[in-house]
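Accompanying notes for the structure given below.
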Amino acid sequence: MPSYDFRKVEKKWQDRWEESGIFRSDDDASRKKFYALDMFPYPSGDGLHVGHPESYTATDIISRKRRMEGWNVLHPMGFDAFGLPAENHAIKKGIHPRISTERNTDNFRRQLKSIGFSYDWSREISTCDPAYYRWTQWLFLFLYRHGLAYRAKAPVNWCDSCQTVLANEQVEDGICERCRNPVRQKDLEQWFFRVTEYADRLLDDLEGLDWPDRIKNAQSNWIGRSEGAEIVFRGRASAESSLGDRDFDVRVFTTRPDTLFGVTYLVVSPENPLVLGVCPPERRPEVMAYMEAARKKSELQRVSLEQDKTGVPLGVYVTHPMTGEPVPVWVADYVVATYGTGAVMGVPAHDDRDFAFAEKYGLPVVAVIAPPDGQGNPENGGKGAGSALSAAHTGPGVLVNSGDFNGMDSVEAQTKIVVALEDAGAGRCRVQYHLRDWLVSRQRYWGAPIPIVYCDECGEVPVPESDLPVLLPDDVDFRPTGESPLARSADFHRVKCPKCGKPARRESDTMDTFVDSSWYFLRYCSPNFGSAPFDSREVAYWCPVDLYVGGAEHAVLHLMYARFLTKALNDHGLVGFGEPFLKLRNQGLIMGEDGQKMSKSRGNVINPDEVIERYGADTLRLYEMFMGDFEAAKPWDTKGITGCRRFLDRVWLETHDLVHHGKENTDHGLTASLHRTVRKVSGDIESFKFNTAIAALMSLLNDWQGAGAADREFVETFIKLLSPFAPHLAEEMWELLGHQHSILESPWPSYDEKMCEDSEVEIGVQVNGKVRGRFAAPTDLSEDGLKSAALDSVRPYLEGKEVVKVIVIRGRVVSIVVK
RNA sequence: GCCGCGAUGGCGGAAUGGCAGACGCAAGCGACUCAAAAUCGCUCGAGGCAACUCAUGUGGGUUCAAGUCCCACUCGCGGCACCA
């Protein structure tokens, strides 16, 4: 009997699959479809790491099962090929990003093919291909046309050492993740996508999605919806201020309108335009110095100085909308300029930050919410400026010191006070989001150019669709100097205005790579379509994606952006659905053998090529799925792989044994075990419990060997169940069993519920909750039969006792209660 | 600080409220071998000669029965965070 030469077998089947085109999928409206999508990789120079095959194997298993179940399956793969690493590599090594990206992509493709994934490679896409980014640009113009893309001056993260703008995700605690230098804020004209327009729907629609809770939760946190009120405090500027003797408003956002009577000051952020307008001359030097200091603070300082609040009085007063009392206005950088109105009301008695600020600057503390009985000192409330307070009471309670609202429950008072403010024309309900618009421009080379032209006559002019793509020039000096490399390419930069024909300038920024990946799943449906980003007929058939699998690091950004774009396309009739990904699953991180995160510097990285070379692709696939809970982090264990390898070897040997010796199975227990395993494996694959599906197959093999014989039907069913996990070996065994066609063309096995039961089961017997015995009983034994057999089996424990109660759980346990 | 997730043998991990530790790894013993590797068989939570007792992060509770449900904690992981 030949031993299992996995190298030969795996090569043989990969070649056959490629030749036969068995994984190609065509639009066929008469068949039910299944779209299984992997998050496409960034083709880094390091090649695949073992985390990639983990999620890819999972989708591959489901795709293969679906094919066998008769579904029309779309299972594509491509490359998220634009991005900063290729550009940095180019700067360091002088190799053009196009060259290194191509080389890396070839390597990734080779590696992916060597694992035997059932991708339709005829649909491969790459985001740096002009045939692709042409449509990324088209989508930019689509958003622009509908007012969802706009240009504005904005502070961006700037790294002096890298000489570039950084994306938010590249800034960690105020430090550039690449060079560890502090990041600075810089004001630049930037392009934005109006994601905030969709804040409510992005939040509300999460509910209907079959996504992991933590992802939904992360998105929900990111959107950060809070309900509260906008309250107007009116004031009058002095004649000497730059505003002159005029009325002005300070609008604040609060989630606690019930604490309105406890306001003892207001705070506006240093960036608030009102500050200089109303500031009286004598206060200007100090206020301006404070503003300057705040502006100079790096992100790093703002974060590290978290608790140490500073501020200066602005020298103006506004009127409390309920009490009519004067309220001083302060400037402090603990107020975030870009959130809410950039101004807050200070309620020291009921907010920790305000309390700290008031203590530091000697501002009065007025308690207006008396804690419920037993919490704190209720007397505080009644005494007005409660100097007795040692901390803010931030919880609910009963209103005191609040005029007509005294005695009211604080929760109830929230709405009541807003109503009163509305009547007085001094406030309204307001919903505030943490979500900001998406800054999409990047001052980088290796990305899709933004298709806009600036003309002195016509202003901002979109590039006509017929002129797309705006090609990324190859011959560019992409060394960093602080402006986009494209601005230095005269050929690229100097253009004629598409509107008036006069000399104009082309936008030199490129798009964030998250724009590329926000729509790639649509492109797979018609990867070569030439007249639009996608063929709407194909998209109508294949989309939305039925199953999407990838890393949890994309919990917020990528998934949010793809959802945003889908909703925008949906609103304007380009797609017929509002959510792109119906079911999402994340693979857990694979750690190194030392339990640490895999990293080059730790030297604990496992290279899948080496695992395949030594154990084979089927073993790699099997092991990655067997390691543990798909969604949980788990350490790699090279020794553990041998168990999977041994299992496949034994399958090979036993199958040959059947073929060469032709055995009969007369063992009913083995047949029952087979049916149970079909049920178990089928169910486990659906619920992403691949580890227990494999364990069940291992158990079944143990039973098979234990029985000493199995018939052809048993073996064929076994091989089918194994085929999504170890497709090469399965095809080889399938052929050995005399089949001409791929195992993918045979139906997924079914089981008979009646056949799943063994003729005999073991029953445990508990006496007062403790297991005291067990006995074997025929499966169909009556309840009374079980009861008396159970009582017999634990007789010594019942002597001299009275049996109070007997509970029979069929097939499992009998519980006896005695006194 | 807020939100979410988790904690089970030497290790990875199994368990619709129903016999805790499936399956695999490692370890020990044995078979085969001149020997080793590979392979196969047996043992394998802790304590105890045994009957038994103790065991699913901690402390309570519900139940005939709790890893699973409830309450209060501890620790770890992840998201958000001067967001008013």
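In the text below, chain A, chain B and the rest are named by the order of the sequence lines, each starting its count at 1.
Pairing partner, U16(B): none, since no Watson-Crick or wobble contact has both distances short of 3.5 Å. Pairing for U74(B) goes to A7(B), judged as Watson-Crick or G-U wobble with the two contacts each under 3.5 Å. Pairing of C80(B), defined by two Watson-Crick or G-U wobble distances under 3.5 Å, is identified with G1(B). The partner of A55(B) is absent, by the rule that a Watson-Crick or G-U pair needs both atom distances under 3.5 Å. Applying the Watson-Crick and G-U wobble criteria (two distances, each under 3.5 Å), A35(B) pairs with nothing in any strand. In this entry C40(B) has G30(B) as its Watson-Crick or G-U wobble partner, both defining distances falling under 3.5 Å. Using the Watson-Crick or G-U wobble rule with both distances under 3.5 Å, A50(B) pairs with nothing in any strand shown.
Using a 4.0 Å heavy-atom criterion, one finds that R774(A) contacts the bases of the nucleic acid, with or without backbone contacts as well. Using a 4.0 Å heavy-atom distance criterion, R650(A) is classed as a sugar-phosphate-only contact. Residue S815(A) is classed as a base contact, given a heavy-atom separation below 4.0 Å to a base. Heavy atoms of A633(A) sit under 4.0 angstrom from primed sugar atoms or phosphate atoms, though from no base atom. Within the nucleic acid shown, Q219(A) has no heavy atom closer than 4.0 Å to any nucleic acid atom. If you check every strand for non-hydrogen atoms under 4.0 Å, K689(A) touches sugar and phosphate atoms only.
Of the candidate nucleotides G18(B), A26(B), G78(B), G18(B) has the atom lying nearest to any side-chain atom of V813(A). Taking the side chain of I807(A) as heavy atoms from C-beta on, and the options G18(B), A22(B), C3(B), the nearest nucleotide is G18(B). Closest to the side chain of F626(A), out of C5(B), C19(B), C23(B), is C23(B). Comparing G18(B), A84(B), C25(B) by their closest approach to the side chain of V344(A) singles out A84(B). Across A84(B), G78(B), G24(B), the shortest atom-to-atom separation from the side chain of M698(A) is found for G24(B). Listed nucleotides A84(B), A22(B), C25(B) differ in distance to A695(A); the shortest reach to its side chain belongs to A22(B). When each of C64(B), C25(B), A84(B) is scored by its nearest atom to the side-chain atoms of T254(A), the top-ranked nucleotide is A84(B). The nucleotide whose nearest atom lies closest to any side-chain atom of Y334(A) is, among C64(B), G78(B), A84(B), A84(B). Of the candidate nucleotides C3(B), C64(B), G18(B), C3(B) has the atom lying nearest to any side-chain atom of N221(A).
Under the 3.5 Å distance criterion, with hydrogens and angles disregarded, no donor-acceptor pair is assigned to the side chains of Y339(A) and S269(A). Between the side chains of D200(A) and Y433(A), a donor-acceptor pair is found at a separation under 3.5 Å.
Contact annotation: H434(A) reaches the phosphate of A81(B) (side-chain N/O to OP1 or OP2, under 4.0 Å). Between R772(A) and U53(B) there is a side-chain N or O to OP1 or OP2 distance below 4.0 Å. Dashed line: the shortest gap from a side-chain N or O of K639(A) to OP1 or OP2 of G10(B) is not under 4.0 Å. Between Y797(A) and the phosphate of C52(B), there is a side-chain N or O to OP1/OP2 separation shorter than 4.0 Å. Here S226(A) reaches the OP1 or OP2 of A84(B): one of its side-chain N or O atoms lies under 4.0 Å away. At least one side-chain nitrogen or oxygen of N702(A) sits closer than 4.0 Å to the OP1 or OP2 atom of G24(B). Side-chain nitrogen and oxygen atoms of R812(A) include none within less than 4.0 Å of the OP1 or OP2 phosphate oxygen of A65(B). Distances shown here put a side-chain N or O of N691(A) below 4.0 Å from the OP1 or OP2 atom of A14(B). When the side-chain nitrogen and oxygen atoms of K634(A) are compared with OP1 and OP2 of G12(B), none of them lie within a distance under 4.0 Å. Close to A84(B), at under 4.0 Å from its OP1 or OP2, lies a side-chain N or O of Y339(A). The side chain of R256(A) contributes no N or O atom lying less than 4.0 Å from OP1 or OP2 of A84(B).
When the P atom is used for both A22(B) and C11(B), the distance is 15 Å, rounded to whole Å. G21(B) and A66(B) are spaced 16 Å apart, taking the P atom of each and rounding to whole Å.
One atom, CZ of R645(A), and another, P of A26(B), lie 15 Å apart when rounded to the nearest Å. Atom CZ of R225(A) is separated from atom P of A81(B) by 19 Å (rounded to the nearest Å). We find that CG of D637(A) is positioned 8 Å from P of A26(B), with the value rounded to whole Å. Protein atom NZ of K770(A) is 14 Å distant from nucleotide atom C1' of A20(B), rounded to whole Å. Taking atom NZ of K680(A) as the reference point, atom C1' of U16(B) lies 11 Å away to the nearest angstrom. When rounded to the nearest whole Å, the span between CD of E593(A) and C1' of C25(B) equals 12 Å. Taking atom CD1 of I694(A) as the reference point, atom P of G13(B) lies 14 Å away to the nearest angstrom. Distance D333(A) CG to C82(B) P: 12 Å, rounded to the nearest Å.
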For K634(A) and E54(A), what are the C-alpha separation, side-chain angles and deciding distance, and is it a side-chain contact (heavy atoms from CB on, under 4.5 Å)? CA-CA 11 Å; K634(A) 51 224 166 257; E54(A) 187 189 10; 2.6 Å; yes
Quick one: do R676(A) and E757(A) satisfy salt bridge (charged side-chain N to carboxylate O under 4.0 Å, His left out)? Show the steps, please. CA-CA 8 Å; R676(A) 280 197 302 271; E757(A) 285 192 1; over 6 Å; no
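By the 4.5 Å heavy-atom criterion applied to side chains, D210(A) and R585(A) are counted as neighbours. In this structure the side chain of I641(A) never reaches within 4.5 angstrom of the side chain of R614(A), judged on heavy atoms.
Along RNA chain B, the nucleotide nearest to V556(A) and the one nearest to A343(A) differ in position, and the one closer to the 5' end is contacted by V556(A). In terms of position on RNA chain B, the residue among T255(A) and A632(A) whose nearest nucleotide sits closer to the 5' end is A632(A).
Closest heavy-atom contact between S220(A) and L206(A): N-CD1, 4.1 Å.
For G12(B), the glycosidic angle deviates from 0 by more than 90°, giving an anti base.
Contact of K309(A) with C82(B) (side chain to base): a donor-acceptor pair of N or O atoms is detected under 3.5 Å.
By the 4.0 Å N-to-carboxylate-O rule, R256(A) lies close enough to D258(A) to be salt-bridged with it.
Cation-pi geometry between R563(A) and W211(A) is satisfied (NZ or CZ under 6.0 Å from the ring centre, within 45° of the ring normal).
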